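This chain uses plain numbering: 1 for the first residue, then up along the sequence. A quick note: this is a predicted structure, and the numbers were derived from the prediction, not measured.
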Amino acid sequence: HFDECVEFIKKALEKTNVFIFFIQIIVHCIAGVSRSASMVIAYFMKHKQLTYHQAFHEVKSKRRIVSLSFNSDKPQRRIHKASKRLLSQA
C-alpha cells in the first residue's frame, strides 16, 4: 500500500487553486502513531529526497507522539525497502 498512499499524498498536494496559497492534507489512521506516520515518511523520502532519519524527524516535529520503534527497527526496514522500490520507479 505504500505506493498507492505515497502517490495519493503527492496528488493531493499538487491540487492548486488561485485562491489557496498553500495546500494542507490530513493523513490519518486510528492512533496516528505509526501507520499514517509511515506513509508521510515514505512520501518525504520519495518526493523530497529526505533520508529516513530526516523524514522521521520532520514528521516527529509536527506530531510528537509518532513512534516507529515499538517493534525493534521493523518499521524502518519496511519504509526503507518500500522507498527504495518507489525511488526506482520515479
Residues that Phe56 engages under ring-ring contact (aromatic ring centres under 6.0 Å, His included), provided they are two or more places apart: none
Spatial distance of atom CD (Glu7) from atom CG (Asp3) [nearest 0.5 Å]: 7.5 Å
With Lys60 via salt bridge (charged side-chain N to carboxylate O under 4.0 Å, His left out) - residues at least two apart: none
Partner set under salt bridge (charged side-chain N to carboxylate O under 4.0 Å, His left out) for Lys62, not counting sequence neighbours: Glu58
Flag side-chain contact, heavy atom, 4.5 Å: Val6 against His47: yes
Pairwise distance SG(Cys5) to CZ(Arg35) - rounded to 0.5 angstrom: 11.5 Å
Minimum heavy-atom distance between Val27 and Ser36, given as atom pair plus value: O-CB, 3.6 Å
By side-chain contact (heavy atoms from CB on, under 4.5 Å) - contacts of Ile65 (at least two apart): Val33, Arg63
Distance (rounded to the nearest 0.5 Å) between Ile9 CD1 and Glu14 CD: 12.0 Å
Nearest heavy-atom neighbours spanning Gln49 and Gln54: O-OE1, 4.4 Å
Co-membership, hydrophobic cluster, residues Ile25 and Met39, 4.5 Å side-chain: yes
Connected via hydrophobic side-chain network under 4.5 Å: Ile41 and Leu50: yes
Atom of Lys10, atom of Tyr43 and distance for their closest heavy-atom approach: CA-CE1, 3.9 Å
